[in-house]
Amino acid sequence: MTGDHSHNDSQINSGSKYGDSHKHKDKYKEREHKHKDHKKDKEREKSKYSNSEHKDSSDKKHREKEKHKDGSSDKQKDKYKEKRKEERAFDGALIRGRENGFASPPHIKSEPENEELYHSPKHKKSLKREHDDDDEFKPKKIKTENDKGEKKVKKRRQEEEDIKPKKKTKDKKGEVRADGKKKAKKEPEEKWKWWEEERYTDGVKWKFLEHKGPVFAPPYEPLPSNVKFYYDGRPMKLSLEAEEVATFFAKMLDHEYTTKDVFRKNFFKDWRKEMTSEEKAKITDLNKCDFSEMNEYFKAQSEARKAMTKQEKQKIKEENERLLLEYGYCVMDNHRERIANFRIEPPGLFRGRGDHPKMGMLKRRIRPEDIIVNCSKDSEHPKPPPGTKWKEVRHDNKVTWLVSWTENIQGAIKYIMLNPSSRIKGEKDWQKYETARRLKKCVDSLRAQYREDWKSKEMRIRQRAVALYFIDKAHVALREAQEGGKVVSCFSEVRFILFPLTPNSQSAKALEMCSSIFLNLSINCYFKILMPHIFTSALMHQTTILNKHLQELMDGLTAKVFRTYNASITLQQQLKELTSAEENVSAKILSYNRANRAVAILCNHQRAPPKTFEKSMQNLQTKIDAKKEQLADAKRELKSAKADAKVRRDEKSKKAVETKKKAVQRIEEQLMKLEVQATDREENKQIALGTSKLNYLDPRISVAWCKKWGIPVEKIYNKTQREKFAWAIDMADEDFEF
DNA sequence: GCACCGACTTAGGATGTTACAA
DNA sequence: TTGTAACATCCTAAGTCGGTGC
């Protein structure tokens with residue numbers, strides 16, 4: 001659908017995304033970040049949390065106050081955020097503008113209305129599975145569901161009563177992989193079908209949770225004495241602390257980051273904090289620092305790692321697997337579930353994306369004293385490493401995280417949570433798609449309504465309607481931005497809104513806007529042409545206000561539901577359009593990828609073309625050429641074999657003809673496969689399919705498509721994806737309609 | 001009503017592993 | 001057997017949204 005995705009567009013996009021944007025540079029002028037001195041920080045934390053083993057509300061308040069005091073960094077963050085969002089919105093809008101973006105294809109309207117009853121699980125009295133309702137109202141649609149409906153529905157709560165979460169339960173969890181060999185690893189035979197059970201109500205996420213806590217980053221290993229750091233041309237032995245931070249920089253020497261001023265400046269500032277006073281006195285200029293020997297050492301190490309013998313590699317692998325087995329799983333409500341990120345982020349230099357003002361800052365090492373552990377009271381609590389204490393152990397079953405800590409760069413909280421294959425993530429995912437399906441039911445009237453509202457006499461209503469239009473069609477979400485110290489929500493800069501009005505803009509044709517939209521924009525633009533934002537903050541500038549409005553329109557509706565809905569409905573529609581029954585499997589998969597790609601383009605999921613793209617494309621072309629030659633040869637041979645057979649008229653030559661014929665056929669097939677591959681790859685050059693596949697496309701659409709056309713689901717989803725979408729694979733049959 | 005924050009979800013680059021061709 | 005491309009997984013930054021407290 002967007003085959004003409006132009007080169008220009010992508011340049012615009014990736015260009016600004018990766019932070020060149022000179023136009024805005026002034027915006028991010030270096031500011032003295034008042035972020036605390038690292039050491040002060042440490043001290044304060046020490047005093048703050050010295051006796052924080054127990055949850056203490058006054059302590060918490062105190063902590064909060066402390067946090068608020070240090071608002072400077074947050075402001076900076078906001079400012080930075082603002083810029084990033086602007087760029088994205090602007091770039092995305094340009095691209096989508098040209099391509100007529102999210103404007104739903106005309107066919108969407110003609111989608112048969114789904115008569116199923118949708119309701120938000122959130123507000124249901126009984127949080128029974130959505131498909132239970134499907135069964136009730138449309139039994140024939142989801143056959144498999146129907147069958148299951150007759151099965152007894154296990155009651156989770158009852159189960160809990162029956163099997164008290166004593167330690168022993170762990171041993172019998174289904175998916176234990178006893179054999180260390182990965183190749184031999186089997187999918188667990190009996191996978192828990194959580195989707196056939198009841199959900200919790202009232203925000204309870206679990207009743208029992210037990211885990212072993214996080215895995216900390218390995219301690220720093222000092223450099224061997226022959227690897228030296230040089231200052232001003234002379235070797236210099238660094239203290240352990242300073243050396244460690246230096247290695248972070250040395251490891252990144254080949255990266256573009258280390259050439260950036262901001263990065264260098266932030267790094268140097270934080271590095272100096274780790275130095276002894278002598279070092280501090282001596283090392284005053286980063287440009288005089290020579291890390292190259294260190295850099296080479298790390299390169300050599302990584303080479304050595306690659307060159308390790310099979311046995312050595314195997315040993316490491318086994319150790320990793322042991323770690324995974326021990327720390328990678330938890331027990332949540334009688335089921336053993338995989339943890340997503342059980343390793344604590346190691347220390348290093350912060351790699352903010354784009355022109356992040358904090359890039360290069362030191363991400364400090366996380367210690368047990370920074371860690372909040374969340375688990376059941378009656379579970380065996382994870383033990384902190386000997387001689388250390390957790391910051392806190394809490395038992396909050398209204399949240400899903402197992403471990404959390406606050407990082408030092410932005411002051412944000414980081415979490416350890418469960419794998420996407422877990423019940424807790426899967427349920428949420430499923431619910432997300434159900435909300436999007438409910439939007440499908442009312443999207444037409446909703447669209448009609450906001451179009452109507454463009455004409456409203458009330459400015460507030462008109463603006464809201466324009467906002468909705470953008471959210472729906474261009475996925476320009478309202479966002480928060482700093483404006484004179486106040487947080488306002490707004491759309492992107494005027495330049496973004498203006499582009500459809502600029503006469504020479506190619507984008508003018510792009511957004512199929514009604515005249516009343518133009519009118520609304522124009523009014524604003526005339527008045528605010530020099531202002532940074534389009535909408536006045538007085539009326540609707542809180543994201544929450546708009547979201548409240550969305551809630552009124554449909555239960556559970558937020559801006560992001562539009563994205564899910566538009567993506568999924570587009571996939572379904574594109575699959576219908578592109579798949580033809582005559583095609584063979586690989587052609588069908590190409591069609592699937594094309595449908596997926598259409599969605600990725602809509603959602604503006606871009607990627608940098610792989611570094612090896614041109615080369616690999618060339619290689620493929622060479623292969624194709626060779627195959628063509630081979631085909632020509634084979635055809636010639638067939639021809640002469642035929643001629644031969646005509647003369648000889650014996651069995652042997654007849655057989656030879658058959659053989660040659662088959663050879664030609666085989667080569668033709670191979671050639672086609674290669675050509676399909678080339679097309680697919682070329683079209684995929686700058687598009688990232690993963691994000692939409694993983695986050696926006698209702699997996700049941702893909703599963704239904706696979707079942708309908710007899711495509712093995714493995715061709716569409718790899719193992720991890722199949723684990724994540726197990727619920728969909730199990731429940732959707734070929735008739736599934738999004 | 002505003003500012004801020006916690007708890008998630010989304011995003012895509014980096015790194016590791018596997019499959020396949022030479 | 002080796003080198004390489006493709007694919008999978010890991011990692012963590014960034015975005016979203018609702019809640020809270022002033």
Side-chain angles (χ1 to χ4, degrees), chain A residues 14 17-18 61 63-65 67-68 71 74-75 77-78 80-81 84-85 88-89 122 182-183 203 205 252 255 302 305-306 313 316-317 320 340-346 348 350-354 356 358-359 363 372 374 396 398-401 404 406-407 409-415 417-420 424-425 428-429 432 477-480 482 485-489 537-538 541-548 550-551 556 558-561 563-564 600 603-608 610-613 615-617 619-620 623 626 677 681 684 688-692 694-696 717-721:
Chain A
S14 55
K17 201 156 155 190
Y18 292 100
K61 268 183 194 164
R63 229 158 28 200
E64 268 161 18
K65 266 192 188 156
K67 250 185 180 170
H68 289 211
D74 294 334
K75 273 187 190 166
K77 180 170 83 183
D78 285 347
Y80 170 73
K81 263 189 185 171
R84 296 269 309 155
K85 284 185 184 173
R88 293 179 77 96
K122 206 170 144 192
K182 210 173 184 185
K183 268 178 196 160
K205 302 287 168 54
M252 290 178 76
H255 204 288
S302 120
R305 249 195 317 275
K306 274 182 208 156
K313 280 184 182 167
I316 293 178
K317 211 168 153 185
N320 279 335
N341 54 327
F342 57 90
R343 287 169 209 268
I344 300 274
E345 297 175 15
F350 176 69
R351 304 181 173 205
R353 298 175 198 157
H356 201 295
K358 294 189 175 184
M359 64 166 74
K363 241 176 81 163
I372 303 175
N374 193 30
D396 181 357
K398 297 271 168 74
V399 296
T400 66
W401 54 266
S404 79
T406 303
E407 53 100 32
I409 305 285
Q410 331 234 34
I413 306 168
K414 300 267 187 162
Y415 303 95
M417 291 182 190
L418 295 194
N419 200 58
I424 216 156
K425 294 288 183 190
K428 207 68 192 299
D429 209 36
K432 172 180 80 185
L478 268 184
R479 60 196 183 76
E480 289 172 5
Q482 289 280 130
K486 272 171 40 181
V487 172
V488 298
S489 297
S537 57
H541 287 322
Q542 287 280 51
T543 354
T544 36
I545 291 181
L546 188 73
N547 276 338
K548 248 178 223 158
L550 292 174
Q551 288 285 345
T558 62
K560 83 184 187 110
V561 179
R563 201 163 163 84
T564 312
C603 294
N604 197 26
H605 291 145
Q606 294 234 323
R607 66 164 182 183
K611 281 175 202 130
T612 52
F613 183 83
K615 202 180 144 212
S616 81
M617 213 54 205
N619 288 351
L620 191 55
K623 267 191 214 166
Q677 206 184 338
R681 201 185 292 174
N684 237 15
L689 298 186
T691 304
S692 51
L694 238 42
N695 300 303
Y696 291 112
Y717 292 131
N718 66 32
K719 184 169 153 277
T720 323
Q721 292 163 340

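Just so we're on the same page: letters track the sequence lines, and every chain starts at 1. In this text, all values refer to a predicted model and were calculated from it rather than measured experimentally.
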Handout entry: Heavy-atom donor-acceptor pair, A:Q551 side chain to A:G556 backbone, under 3.5 Å
Key = yes
Practice task
Report yes if at least one side-chain N or O of A:N341 is closer than 4.0 Å to OP1 or OP2 of C:dC11; otherwise report no.
Solution key: no
Exercise for the section: Rounded to the nearest angstrom, tell me the gap between atom CG in A:L689 and atom P in B:dT10. Expected result: 17 Å
Exercise for the section: Taking only the side-chain heavy atoms of A:W401 (C-beta and beyond), determine which of B:dT18, B:dA7, B:dT9 contains the nearest atom. Expected result: B:dA7
Handout entry: Residue-phosphate contact under 4.0 Å: A:K414 side-chain N/O, B:dC8 OP1/OP2
Key = no
Exercise for the section: Please work out if A:K363 contacts a base, only the sugar-phosphate, or nothing of the nucleic acid, heavy-atom cut-off 4.0 Å. Expected result: sugar-phosphate
Practice task
Would you tell me if any nitrogen or oxygen in the side chain of A:K425 comes within less than 4.0 Å of OP1 or OP2 on B:dT9?
Solution key: yes
Problem - For atom CD1 of A:I413 and atom C1' of C:dT20, their distance in whole Å - result: 14 Å
Handout entry: N or O in side chain of A:K398 less than 4.0 angstrom from B:dG6 OP1/OP2
Key = no
Completion exercise
Between A:E407 and A:T558, whichever has its closest DNA chain C nucleotide further toward 5' is A:E407
Exercise for the section: Would you mind telling me which of B:dA14, C:dA8, C:dA14 lies closest to the side-chain atoms of A:R351? Expected result: B:dA14
Exercise for the section: Check for a donor-acceptor pair, side chain of A:N341 on one end and backbone N or O of A:Y415 on the other, with a separation under 3.5 Å. Expected result: yes
Problem - Residue pair A:E407 / A:E345, side-chain heavy-atom distance below 4.5 Å - result: no
Exercise for the section: Look at the side chain of A:N695 and decide which nucleotide, out of B:dT18, B:dA11, B:dC8, has an atom nearest to it. Expected result: B:dA11
Fill in the blank from the handout: Closest of B:dG12, B:dA7, C:dA13 to the A:E345 side chain is C:dA13
Fill in the blank from the handout: Atom OH of A:Y696 and atom C1' of B:dT10 are separated, to the nearest Å, by 5 Å
Practice task
Tell me what A:T400 touches on the nucleic acid: a base, only sugar-phosphate, or nothing, going by heavy atoms under 4.0 Å.
Solution key: sugar-phosphate
Handout entry: Atom pair distance, as rounded to whole Å: CG in A:L418 and C1' in B:dT9
Key = 14 Å
Practice task
Measure from the side chain of A:K205, starting at C-beta and using heavy atoms only, and say which of C:dT12, B:dT10, B:dC8 lies closest.
Solution key: B:dC8
Exercise for the section: Answer yes or no: does a side-chain N or O of A:H356 lie under 4.0 Å from OP1 or OP2 of C:dA13? Expected result: no
Exercise for the section: Whole angstrom is fine here: how far is it from NZ in A:K719 over to P in C:dA6? Expected result: 23 Å
Exercise for the section: Measure from CE on A:M252 to C1' on C:dC11 and round the result to the nearest Å. Expected result: 14 Å
Handout entry: 5' priority, DNA chain B, between A:S404 and A:T564 [closest heavy atom]
Key = A:S404
Problem - Distance in angstrom units between A:D429 CG and B:dT9 P, rounded - result: 8 Å
Practice task
Scan A:P346 against the nucleic acid and name what it touches under 4.0 Å (heavy atoms): base, sugar-phosphate only, or nothing.
Solution key: sugar-phosphate
Practice task
May I ask you to decide if A:M417's main-chain N or O and A:K425's side chain share a donor-acceptor pair within less than 3.5 Å?
Solution key: no
Practice task
Using modelled atom types only, decide if a donor and an acceptor are shared between the side chain of A:K313 and the backbone of A:R305 within a distance under 3.5 Å.
Solution key: no
Problem - Given C:dC17, C:dA13, B:dA14, the nucleotide with the shortest approach to the side chain of A:H255 - result: B:dA14
Practice task
Tell me whether the OP1 or OP2 atom of B:dT10 has a side-chain N or O from A:R353 closer than 4.0 Å.
Solution key: no
Handout entry: A:R563 side chain vs A:Y696 backbone, donor-acceptor pair below 3.5 Å
Key = no
Exercise for the section: Using only side-chain N and O atoms of A:Q551, determine if any of them is under 4.0 Å from OP1 or OP2 of C:dG18. Expected result: yes
Practice task
Rounded off to whole Å, could you give me the CZ-to-P distance for the A:F342 and C:dC10 pair?
Solution key: 8 Å
Practice task
With the side chain counted from C-beta on, respond yes when A:K432 and A:V561 share a heavy-atom pair under 4.5 Å apart, and no when they do not.
Solution key: no
Problem - Contact nearer the 5' end of DNA chain C, comparing A:N419 with A:F350 - result: A:N419
Completion exercise
With the side chain defined as heavy atoms from C-beta on, A:Y415 is closest, among C:dG18, B:dA11, B:dC8, to B:dC8
